[in-house]
Amino acid sequence: MSINIYNTLTGKKEAFIPVTPGLVKLYVCGITVYDLCHLGHARSMLVFDMVVRYLRWVGYRVTYVRNITDVDDKIIRRANELSQDSLTVANRFIDLMHHDERALGLLSPDIEPRATQHIPQIIAMIERLIVKKYAYIATNGDVCFSVRRFSDYGKLSRRNIDELRVGERVLNHEEKQDPLDFVLWKLSKPNEPMWSSPWGNGRPGWHIECSAMSSHCLGEHFDIHGGGMDLKFPHHENEIAQSEAATDQCFANTWMHVGLLKINGEKMSKSLHNFFTLKDALRLHSSEVLRFFMLSSHYRKPLNYSEAMLKQAYSALETLYLSLREFDSFADQYNEAYIIRFKHVMNDDFNTPEALAILFELARDINMTKSVNFHSAEMLASTLRYLANSLGLLTLTPEKFFQGDHVNVTVIEEILEKRKIARENKQWDISDQLRQQLASMGILIEDTPNGTLWRKAL
RNA sequence: GGCUGAGUGGCAGAGUGGUCAUGCAGAGGACUGCAAAUCCUUGUACGUCGGUUCGAUUCCGGCCUCAGCCUCCA
């Protein structure tokens, strides 16, 4: 069974064949560290986390690289606002990002290259481009890439150079030979971070770092390059141009783009004040609820964040965990039929909504089977957990999910004990009153033949 | 203006040329002291107009609407 992945470059789903058999080399564009991570970053991180987990789960070795842009205009501006140097600002937001990453339960990338730590590689690549006449020194001293010299320019985003409205929106392009050209090396002004180069003190342009770092970490030709949909043009288009102009070979075989996240039906943007940081979202919802929500729509589609949807995600997750409840020890066998179906839909461009649907079918199957044949229900339960785990879901015990750590277990158990006695004496008024008392504490209960179970209400 | 995608039942969201997505919410039933959980049943869903077809939500074309990109953005 091969994995089919939608490749932005060809506009089609294609059978995935790694350059090196058994090994997947994946490069994902990470964030520019001038502010806290927002939910859009979280979606992209979570999607590639799912991709990496799944690829490893089916047996690939994966080298997962996600870069950090730690020098750029916005960081410099932020640093000036705070009267700090830009490295201090970058480091602080990198720490915060790592904190968010852990809180979300993400796998760490195998390599997390930083632009400022790859200046020699960046300079070397620019030199190659100059030698091959793909780059030139503009009248203001910056080094620019000559877009029109790269005949394949536009192949990723399917754009025709002459149809871009570039003159309308790109300002101050008089220094360039063509308004489309972009900066590879930017000379620094006083009080800006700088590195020495053959063209004077300056810093790298935004796009070149990814070309230089990906080839440094993964080689000049690797398997998958990913990022948010908004990076497709111009960033990824520029990366392809630089890399392929410099190396004369295919850069990344497969390009994956994650749909953008909207909030309450609107584009998320700082100017609209509907900007949600990951940190804030994690105050309201557990990482697993966020993960479930993000995986409940296909990764290439736009996704709308709203509190109602997150509540729905919680309820759905509850259903899954409820089915897992009575199984302390899990069988070491799995139900092959479900595994095959699960892989089949996941292999179709990571169709997580369809994969989740299979998990719900499994949950229902468990519920139906457990009163009839406990052992086979146990096998289904272990299958459910095994499959969900491949997506980073259902990693908690049901008790942990339903009860958490911070509730006052002693008080709850005392009330349950009192209620038990009342029920034994058929004192239904008292029993119902105690149930009401628990409800007002946010605790739901469930009387079963084996005693009363409790869980947190949403 | 150009390029991408979308328009599915109350909400969310897959998918398919002709029997079921799935989840959340709702209704009825079984179970329960009552609940809860669970199971069963249930809702004439596929933007619009044409075309192809024995048959289209699914293929083709026009139209309408929406979103994203063409400037920094995951």
Side-chain angles (χ1 to χ4, degrees), chain A residues 8 11 28-32 34-35 37-48 66 69 72-74 77 154 156-171 173 180 182 206 226-235 237 257-262 265-270 278 292-293 296-298 300-304 306 308-309 311-320 322-323 325-326 345 348 351-361 363-364 366-368 370-371 423 426-429 431-432 435-436 439 444-449 452-455 457:
Chain A
T8 309
V28 177
C29 284
I31 68 166
T32 301
Y34 71 101
D35 207 342
C37 288
H38 62 242
L39 281 171
H41 297 121
R43 158 118 110 146
S44 167
M45 287 169 157
L46 229 18
V47 163
F48 287 106
R66 190 182 62 210
T69 299
D72 108 318
D73 292 350
K74 290 189 291 297
R77 198 192 317 137
L156 178 72
S157 53
R158 268 167 271 269
R159 270 157 224 258
N160 179 336
I161 293 179
D162 297 315
E163 286 166 350
L164 297 179
R165 291 183 155 189
V166 70
E168 266 179 45
R169 304 183 80 166
V170 176
L171 304 170
H173 56 259
L180 282 169
F182 56 90
W206 175 38
M229 206 67 96
D230 49 351
L231 296 182
K232 190 159 75 172
F233 188 93
H235 184 233
E237 197 70 70
H257 293 280
V258 178
L260 299 187
L261 190 86
K262 300 194 293 181
E266 297 181 296
K267 183 190 171 184
M268 184 170 62
S269 115
K270 284 185 175 172
L278 178 50
F292 183 95
F293 166 70
S296 67
S297 86
H298 186 83
R300 282 192 279 122
K301 296 220 168 164
L303 176 62
N304 186 38
S306 73
M309 286 303 104
K311 285 200 174 81
Q312 192 174 299
Y314 181 86
S315 300
L317 214 38
E318 234 182 2
T319 301
L320 257 18
L322 280 168
S323 75
R325 244 177 349 182
E326 295 150 48
V345 300
D348 181 18
N351 193 338
T352 54
E354 197 78 65
L356 294 179
I358 291 171
L359 300 187
F360 284 101
E361 284 180 42
R364 188 154 56 92
I366 293 166
N367 291 333
M368 285 190 298
K370 66 186 168 195
S371 57
R423 292 184 74 228
K426 298 198 188 304
Q427 294 171 303
W428 308 125
D429 296 357
S431 160
D432 291 349
R435 177 164 57 199
Q436 187 50 48
L444 297 178
I445 60 169
E446 214 177 304
D447 296 320
T448 76
T452 300
L453 301 173
W454 65 272
R455 66 178 196 272

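Remember, predicted model here, so these are calculated numbers, not experimental data. In what follows, chains are A, B, ... by sequence order, proteins preceding strands, each numbered from 1.
- Taking atom C1' on both nucleotides, B/rC54 is separated from B/rU38 by 45 Å, rounded to a whole Å.
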Write down the protein N/O and nucleotide N/O pairs, taken from nucleotides 5-7 of chain B, whose separation is under 3.5 Å; answer none if there are no such pairs.
none

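- Regarding A/Asn304, its CG atom lies at a distance of 13 Å from the P atom of B/rC11, rounded to whole Å.
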Write out a two-atom table: protein N or O, nucleotide N or O from nucleotides 24-31 of chain B, distance below 3.5 Å.
residue	atom	partner	partner atom	Å
B/rC24	OP1	A/Thr319	OG1	2.4

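- Taking the P atoms as reference points, B/rU8 lies 16 Å from B/rC59, given to the whole Å.
- Scanning both residues, A/His235 and A/Cys29, for their nearest heavy atoms gives CE1-SG, 3.5 Å.
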Once Watson-Crick and G-U wobble pairs under 3.5 Å are found, how is RNA chain B written in dot-bracket notation, 5' to 3', with | for any base paired to another strand?
-> (((((((..(((.....[...))).(((((.......)))))....(((((..]....))))))))))))....
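- Between A/Glu361 atom CD and B/rA14 atom P the separation is 17 Å, expressed in whole Å.
- Using a 4.5 Å heavy-atom threshold, the side chains of A/Asp447 and A/Arg423 count as touching.
- Residues passing the side chain to side chain donor-acceptor pair (under 3.5 Å) test with A/Glu318 are A/Arg455, sequence neighbours excluded.
- In this structure, A/Lys262 atom NZ and B/rG13 atom C1' are separated by 14 Å, rounded to whole Å.
- Comparing B/rC49 with B/rC64, their P atoms are spaced 15 Å from each other, to the whole Å.
- Counting non-hydrogen atoms under 4.0 angstrom, A/Leu260 reaches a base of the nucleic acid.
- One distance of note links CD1 of A/Ile445 with CZ of A/Arg435; it measures 5.5 Å at 0.5 Å rounding.
- A search for side chain to side chain donor-acceptor pair (under 3.5 Å) contacts involving A/Lys311 returns nothing, not counting sequence neighbours.
- Listed by chain and number, the residues in a salt bridge (Lys or Arg N to Asp or Glu O under 4.0 Å) with A/Asp429 amount to none (sequence neighbours excluded).
- A/Arg66 approaches A/Gly30 most closely through the heavy-atom pair CG-CA, 3.7 Å.
- Counting non-hydrogen atoms under 4.0 angstrom, A/Ile358 reaches nothing in the nucleic acid.
- Going from the C1' atom of B/rG61 to that of B/rA67 covers 23 Å, rounded to whole Å.
- The CG atom of A/Leu359 sits 10.5 Å away from atom OG1 of A/Thr352, with the distance rounded to the nearest 0.5 Å.
- At a threshold of 4.0 angstrom between heavy atoms, the contacts of A/Leu322 are confined to the sugar-phosphate backbone, with no base atom among them.
- The A/Leu303 side chain lies nearest to B/rG13 when the options are B/rU22, B/rG33, B/rG13.
- Side-chain contact between A/Asp348 and A/Glu354: absent, with no pair of heavy atoms (C-beta onward) separated by less than 4.5 Å.
- Atom CG of A/Leu356 and atom OG of A/Ser297 lie 10.0 Å apart (nearest 0.5 Å).
- Spacing between B/rG51 and B/rG9 at atom C1', rounded to whole Å, works out to 27 Å.
- If you take OG1 on A/Thr8 and CG on A/Leu231, they are separated by 11.0 Å, rounding to the nearest 0.5 Å.
- At the heavy-atom level, A/Lys370 lies nowhere under 4.0 Å from the strands shown.
- Note on A/Asn367: a side-chain N or O is less than 4.0 Å away from OP1 or OP2 of B/rC39.
- Distance A/Leu156 CG to B/rG68 P: 20 Å, rounded to the nearest Å.
- The distance from atom CG of A/Leu180 to atom C1' of B/rG2 is 13 Å, rounded to the nearest whole Å.
- Judged by closest nucleotide on RNA chain B, A/Arg159 is the one of A/Arg159 and A/Cys29 placed further toward the 5' end.
- Only the P atoms considered, B/rU65 is 27 Å distant from B/rA56, to the nearest whole Å.
- From A/Ser296, atom OG reaches atom CG of A/Leu317 across 10.5 Å, with rounding to the nearest 0.5 Å.
- Look at CD1 on A/Ile445: it is 12 Å from C1' on B/rA37, rounded to the nearest Å.
- In the set B/rA35, B/rC3, B/rU22, B/rU22 carries the atom at the smallest distance from any side-chain atom of A/Arg364.
- Among B/rA14, B/rG13, B/rG33, the nucleotide with an atom closest to any side-chain atom of A/Asp432 is B/rG33.
- The CG-C1' distance, from A/Asp35 to B/rC72, rounds to 14 Å in whole Å.
- Comparing A/Leu356 and A/Met309 against RNA chain B, the residue whose closest nucleotide sits nearer the 5' end is A/Met309.
- Donor-acceptor pairing under 3.5 Å, judged by distance alone, is absent between the side chain of A/Arg43 and the base of B/rA74.
- Distances were taken from every side-chain heavy atom of A/Phe233 (C-beta onward) to each of B/rC70, B/rG33, B/rA74; the shortest belongs to B/rC70.
- A salt bridge between A/Arg159 and A/Glu237 is absent, with no side-chain N of the basic residue lying under 4.0 Å from a carboxylate O of the acidic one.
- Looking at the side chain of A/Ser297, the nearest of the listed nucleotides B/rU22, B/rC39, B/rA14 is B/rA14.
- Contact of A/Asp230 with B/rC72 (side chain to base): no donor-acceptor pair of N or O atoms is detected under 3.5 Å.
- Side-chain atoms of A/Asp162 stay outside donor-acceptor range of the base of B/rG2, with no qualifying N/O pair under 3.5 Å.
- The side chain of A/Asp447 has B/rC34 as its nearest neighbour among B/rA14, B/rC34, B/rU22.
- B/rG23 and B/rG43: their P atoms are spaced 16 Å apart (whole Å).
- Atom CZ of A/Arg43 is separated from atom CG of A/Leu278 by 14.5 Å, given to the nearest 0.5 angstrom.
- Protein atom CD of A/Glu354 is 10 Å distant from nucleotide atom P of B/rA14, rounded to whole Å.
- Counting non-hydrogen atoms under 4.0 angstrom, A/His257 reaches nothing in the nucleic acid.
- Within the 4.5 Å cutoff, the side chain of A/His257 has heavy atoms near those of the A/Leu156 side chain.
- Side-chain N/O atoms of A/Asn351 include one lying less than 4.0 angstrom from OP1 or OP2 on B/rG15.
- As judged by a 4.0 angstrom heavy-atom cut-off over every strand, A/Arg77 is placed among residues making no nucleic acid contact.
- Within the nucleic acid shown, A/Gly226 has no heavy atom closer than 4.0 Å to any nucleic acid atom.
- Distance noted for atom P between B/rA6 and B/rU16: 13 Å (whole Å).
- Among the atoms of the strands shown, base atoms are found under 4.0 Å from some heavy atom of A/Gly40.
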